[in-house]
A.B. asks: 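The structure's right below; bear with me while I get my questions together.
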Amino acid sequence: DQQVKQNSPSLSVQEGRISILNCDYTNSMFDYFLWYKKYPAEGPTFLISISSIKDKNEDGRFTVFLNKSAKHLSLHIVPSQPGDSAVYFCAASASGGYNKLIFGAGTRLAVHP
Amino acid sequence: KAGVTQTPRYLIKTRGQQVTLSCSPISGHRSVSWYQQTPGQGLQFLFEYFSETQRNKGNFPGRFSGRQFSNSRSEMNVSTLELGDSALYLCASSMPGRLDSPLHFGNGTRLTVT
């Protein structure tokens, strides 16, 4: 039972444009959501997070939007840069286990010059 | 500040053997979590340790175990290795109980079981 789903295995975007990565979840107990970026042969790197009391969080070029009623979150990267090319993982957790992250399968983003 | 350090980076073992992986968390981080990444199952939570006590556990068989030392360093052990245990094992650390302290991952130990 996949509690966190990233339905797009890959995404290709031109440099300078917006990248939008999507994530859906099924468990209504989740109240903390994170995005990680992963390069080959490295561990995931934390990008941005959002708690369920918010619907938007920004950090530089990265913005995460949370729609609780739809159980959907998205990561916007503006503008996209070639160095953003990586696999992006959405993760979720619930109170009492904030380090017990449930990860999506990941979306491979390719940013082309 | 040094990141999460995992040793060794690569390991090759034979079915039936056991293996121990090591993790040194970021200085000041007292919670250590372990994850397994495989192509088929993705990233899955193994367990979390805080103050030398297991605080959360994922859905893995008892062959997978771990421990944490008083300096917050952690080890995980897999006994009676199976081919399906071949994976990237990731350790992550955080300051527990704080939403502004997300998990920070090491670069992992790549275990191959033959």
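In the text below, chain A, chain B and the rest are named by the order of the sequence lines, each starting its count at 1. Basis for what follows: all heavy atoms, side chains included, without hydrogens, waters or symmetry-related copies.
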A.B. asks: For Leu46(B), is it the side chain, the backbone, both or neither that has a heavy atom under 4.5 Å from a heavy atom of chain A?
C.D. replies: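 No part of it gets close to chain A.
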A.B. asks: For Lys54(A), does the NZ atom have more than 12 heavy-atom neighbours from other residues, nucleotides or ligands under 6.0 Å away?
C.D. replies: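 At most 12 heavy atoms, drawn from other residues, nucleotides or ligands, come within 6.0 Å of this atom.
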A.B. asks: Is it true that, when you exclude Asn59(B) itself, more than 12 heavy atoms of the residues, nucleotides or ligands shown sit nearer than 6.0 Å to its CG?
C.D. replies: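 Incorrect, the count does not exceed 12.
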A.B. asks: Just verifying a value: how many Å separate Lys38(A) NZ and Asn107(B) CG, rounded to the nearest 0.5 Å?
C.D. replies: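 Between Lys38(A) NZ and Asn107(B) CG, I get 8.5 Å after rounding to 0.5 Å.
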A.B. asks: Checking heavy atoms, do the side chain of Tyr35(B), its backbone, both or neither come under 4.5 Å from chain A?
C.D. replies: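 For Tyr35(B), the side chain is the part near chain A, not the backbone.
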A.B. asks: Does atom CD1 of Ile18(A) have more than 12 heavy-atom neighbours, drawn from other residues, nucleotides or ligands, at distances under 6.0 Å?
C.D. replies: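 Yes, because the 6.0 Å sphere around CD1 of Ile18(A) holds more than 12 heavy atoms from other groups.
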A.B. asks: So what's closer than 4.5 Å to chain A heavy atoms on Gln37(B): side chain, backbone, both or neither?
C.D. replies: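 Interface part for Gln37(B): side chain.
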A.B. asks: Nearest heavy-atom pair of Pro102(B) and Tyr32(A): which atoms, and what distance?
C.D. replies: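 For Pro102(B) versus Tyr32(A), the nearest heavy atoms are CB-OH, 4.0 Å.
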A.B. asks: Is it the backbone or the side chain of Leu101(A) that comes under 4.5 Å from a heavy atom of chain B, or both, or neither?
C.D. replies: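 Contact with chain B: backbone and side chain both.
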A.B. asks: In the structure I gave you, are the side-chain heavy atoms of Tyr36(A) and Leu43(B) within less than 4.5 Å of one another anywhere?
C.D. replies: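 The answer is no, as the side chains (C-beta and beyond) never meet within the 4.5 Å cut-off.
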A.B. asks: Given that the side chain runs from C-beta out, which part of Arg110(B) has a heavy atom under 4.5 Å from chain A: side chain, backbone, both or neither?
C.D. replies: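 Neither part, no heavy atoms under 4.5 Å.
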A.B. asks: Applying the 4.5 Å side-chain criterion to the ILVMFWY set and letting contacts propagate, would Val19(B) and Phe47(B) be lumped into a single cluster?
C.D. replies: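 Yes, one cluster joins them.
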A.B. asks: Got a sec: does the CZ of Arg61(A) have more than 12 other heavy atoms crowding it under 6.0 Å?
C.D. replies: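 More than 12 heavy atoms, drawn from other residues, nucleotides or ligands, come within 6.0 Å of this atom.
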A.B. asks: Could you measure the distance from the OH atom of Tyr49(B) to the CG atom of Asn99(A)? Nearest 0.5 Å is fine.
C.D. replies: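 Tyr49(B) OH to Asn99(A) CG: 14.0 Å, rounded to 0.5 Å.
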A.B. asks: Does Arg108(A) have more than 12 heavy atoms from other residues, nucleotides or ligands lying within 6.0 Å of its CZ?
C.D. replies: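 Not buried by this count: 12 neighbours or fewer within 6.0 Å.
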A.B. asks: Around atom CZ of Arg17(A), are there more than 12 heavy atoms of other residues, nucleotides or ligands at under 6.0 Å?
C.D. replies: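 Check fails, neighbour count at 12 or below.
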